[in-house]
Chemist: 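Pasting in a structure now, in structure tokens, and then I'll have a few things to ask.
Quick caveat, the model's predicted, so the values are computed rather than measured.
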Amino acid sequence: MIAQLKDRLKKNWFLLSIVLAIVVAKFQPWIGAKDGPLAPEYTVKYVAVFVIFFNSGLSIKTEEFSKALYQLEVHVFIQLFTLGFIPVFVKFLIPFLTKLGILRALLTGFQVVACMPPPVSSAVILTKAAEGNEAVAIFNSAFGSFLGIFVTPMLLLQLVGTSSSVPLSKIFNQLFLTVVLPIILGNAIRRNFKDFLDRQKIPYSMIGNLVLLLIIFTTFCDTFSSSNFEMDKLSLLQIAFVVVIFQIFVLTLTFNLSTNENVGKKLRFQPADTVAIIFCSTHKSLTLGIPMLKIIFSQDPNLPLYSIPLLVYHPTQILLGGTLVPAVHRWMKKEQKKIDNAVDSANEVYPPSEA
């Protein structure tokens, strides 16, 4: 029993740490508030964000790209769905959700989630666990994250807007210095010292998560230190419910579209491709999301409320995805067996000519 509990805690340590970080920030906000001992206006705004994406650059295996580079139909489907369909669909959905009485800032945060690119890690992990097309998942997670550096700010400014007077040029300059540049540097080091880095077994995921926790902690410290901050508990429960239902909807939709006779079959999606599509098209990046929010909405007092739907979305996509992996795996094996049997039957009727 104790061993099982330890195993559960080990698997879910990051989710529990997010909750703990928010709780500590609530009771001791001075630690991570602006002008506090952690000096987040320097350590987080520049150093922490740089470290996160330098770490990402080191860990992204660009050598895997060649395996999936030519599956254009799959890539276009995933990127259009996650950076096209989802943001627009949520934009039309929000007026209906407003009638539920959910806090407007939380709904804005939900739109922010919709504009985010796929994550580098969770979609790949779940695709691999279900024995789907891992190369496609790696390509689209990495490419989507890089594409999101440019597309997501434009989507946010177009669909959400910003109450600050931060010019677009300044946003992109800061994104380049704290996101693009460290990714390029990290990946350049990886290409030149790949064998050395692989031997070191660097815990990239652990490093990224710890720095991300620091960013989340200081964001909420700064918020809770303000006497103007109020949080509607009913709205929090409602937005959590909306996030769960929304994820179930998009997971179902991507599965149905990618297996539909007029879509998936026409585009020649294989069962393993469908697995990658399900997870890559519906997952959203917390790693890129939180730093980008801090850059674009740095002057907005509602910044923490904007980040809450993303903090809810992240564990939900992992828990839902993990629950679906066995069923998705069984479906993929069954469908692949049908395809193999059909090929064998065709070869029996029309045997391949001998050289």
Chemist: Only pairs at least two apart or in different chains count here, so list each side chain to side chain donor-acceptor pair (under 3.5 Å) that has a residue in residues 78-91.
Modeler: Q79-N140, T82-K284
Chemist: Please list, chain by chain and in numerical order, all residues satisfying side chain to side chain contact (heavy atoms under 4.5 Å, CB included) with I184, sequence neighbours excluded.
Modeler: V180
Chemist: When you measure from the side chain of Q247 to the backbone N and O of T282, does any donor-acceptor pair fall under 3.5 Å?
Modeler: no
Chemist: Any link between I86 and L107 through a network of hydrophobic side chains (Ile, Leu, Val, Met, Phe, Trp, Tyr) touching at under 4.5 Å?
Modeler: yes
Chemist: Could you grab the distance from atom CD1 of I290 to atom NE2 of H314, nearest 0.5 Å is fine?
Modeler: 10.0 Å
Chemist: Could I get the full list of side chain to side chain contact (heavy atoms under 4.5 Å, CB included) partners for P182, not counting sequence neighbours?
Modeler: F50, F53, F54
Chemist: Linking directly or through intermediates, with side-chain heavy atoms under 4.5 Å: list the remaining ILVMFWY members grouped with L237, chain and number order.
Modeler: none
Chemist: Is it true that V76 and L253 fall in one hydrophobic cluster, defined by side-chain heavy atoms closer than 4.5 Å?
Modeler: no
Chemist: With a 4.5 Å cut-off on side-chain heavy-atom distances among I, L, V, M, F, W and Y, is there a chain of contacts connecting L310 to V90?
Modeler: yes
Chemist: Taking only residues two or more places apart in sequence, or in another chain, which ones meet A129 in a side chain to side chain contact (heavy atoms under 4.5 Å, CB included)?
Modeler: V325
Chemist: Listed by chain and number, what are the side chain to side chain contact (heavy atoms under 4.5 Å, CB included) partners of V244, not counting sequence neighbours?
Modeler: I248, T316
Chemist: Closest approach of H283 and A123, non-hydrogen atoms and distance?
Modeler: ND1-N, 3.9 Å
Chemist: Any side-chain heavy-atom pair from D273 and F77 closer than 4.5 angstrom?
Modeler: no
Chemist: Using the rule side-chain contact (heavy atoms from CB on, under 4.5 Å), only one of V243, V112, I239 pairs with Y313; which is it?
Modeler: V243
Chemist: Tell me which pairs pass ring-ring contact (aromatic ring centres under 6.0 Å, His included) where either residue lies in residues 83-114, with sequence neighbours left out.
Modeler: F81-F85, F85-F89, F89-F249, F110-F246
Chemist: What is the distance from atom CG of L324 to atom CG of L126, rounded to the nearest 0.5 Å?
Modeler: 9.0 Å
Chemist: Once rounded to the nearest 0.5 Å, what's the spacing between atom CZ of R199 and atom NZ of K194?
Modeler: 10.5 Å
Chemist: For the atom pair CD (E73) and CD1 (I78), what is the distance rounded to the nearest 0.5 Å?
Modeler: 12.0 Å
Chemist: Examine L80 and I277 and state if one hydrophobic cluster contains both, with Ile, Leu, Val, Met, Phe, Trp and Tyr joined whenever side-chain heavy atoms are less than 4.5 Å apart.
Modeler: no
Chemist: Out of curiosity, F255 CZ to W331 CH2, how far, rounded to the nearest 0.5 Å?
Modeler: 5.0 Å
Chemist: OG1 of T127 to CG of N133: how many Å apart, nearest 0.5 Å?
Modeler: 8.5 Å
Chemist: Give the minimum heavy-atom separation between T254 and S281, together with the two atoms involved.
Modeler: CG2-CB, 3.8 Å
Chemist: With sequence neighbours left out, which residue pairs that include part of residues 124-135 fulfil the salt bridge (charged side-chain N to carboxylate O under 4.0 Å, His left out) condition?
Modeler: E131-K333
Chemist: For N55 and V211, what are the C-alpha separation, side-chain angles and deciding distance, and is it a side-chain contact (heavy atoms from CB on, under 4.5 Å)?
Modeler: CA-CA 10 Å; N55 181 65; V211 179; over 6 Å; no
Chemist: Can you name the nearest heavy-atom pair linking L155 to C115, along with the distance?
Modeler: CB-SG, 3.8 Å
Chemist: One pair to check against side-chain contact (heavy atoms from CB on, under 4.5 Å): F139 and V74. What are the steps and the verdict?
Modeler: CA-CA 11 Å; F139 179 90; V74 183; over 6 Å; no
Chemist: Quick one: closest heavy-atom pair of C280 and A137, and the distance?
Modeler: SG-CA, 3.6 Å
Chemist: Using the rule that Ile, Leu, Val, Met, Phe, Trp and Tyr join whenever any side-chain heavy atoms are under 4.5 Å apart, tell me whether I207 and F193 fall into a single cluster.
Modeler: yes
Chemist: Under the 4.5 Å side-chain heavy-atom rule for ILVMFWY, direct or indirect, which residues accompany L234?
Modeler: none
Chemist: Taking side chain to side chain donor-acceptor pair (under 3.5 Å) as the cut-off, I'd like each qualifying pair that reaches into residues 234-243, sequence neighbours left out, listed once.
Modeler: D232-S235
Chemist: Could you tell me which non-hydrogen atom of V275 sits nearest to which non-hydrogen atom of M332, and how far apart they are?
Modeler: CG2-SD, 3.9 Å
Chemist: For T218 and L38, run side-chain contact (heavy atoms from CB on, under 4.5 Å): C-alpha distance rounded to whole Å, both residues' side-chain angles, the deciding distance at 0.1 Å, then the answer.
Modeler: CA-CA 8 Å; T218 55; L38 291 180; 4.2 Å; yes
Chemist: In a table with atom names and distances, give each donor-acceptor pair under 3.5 Å that connects a side chain of residues 18-30 to protein atoms at least two apart or in another chain.
Modeler:
from: Q28; atom 1: OE1; to: W30; atom 2: NE1; distance (Å): 2.6

Chemist: List the atom of A114, the atom of P87, and the distance in Å for their closest heavy-atom pair.
Modeler: O-CG, 3.2 Å
Chemist: Just by distance, do the side chain of T152 and the backbone of I149 share a donor-acceptor pair under 3.5 Å?
Modeler: no
Chemist: Quick one: does L83's side chain get under 4.5 Å of L147's, heavy atoms only?
Modeler: yes
Chemist: For F241, enumerate each residue passing the ring pair (Phe, Tyr, Trp, His ring centres under 6.0 Å) test, keeping only those at least two apart in sequence or located in another chain.
Modeler: none
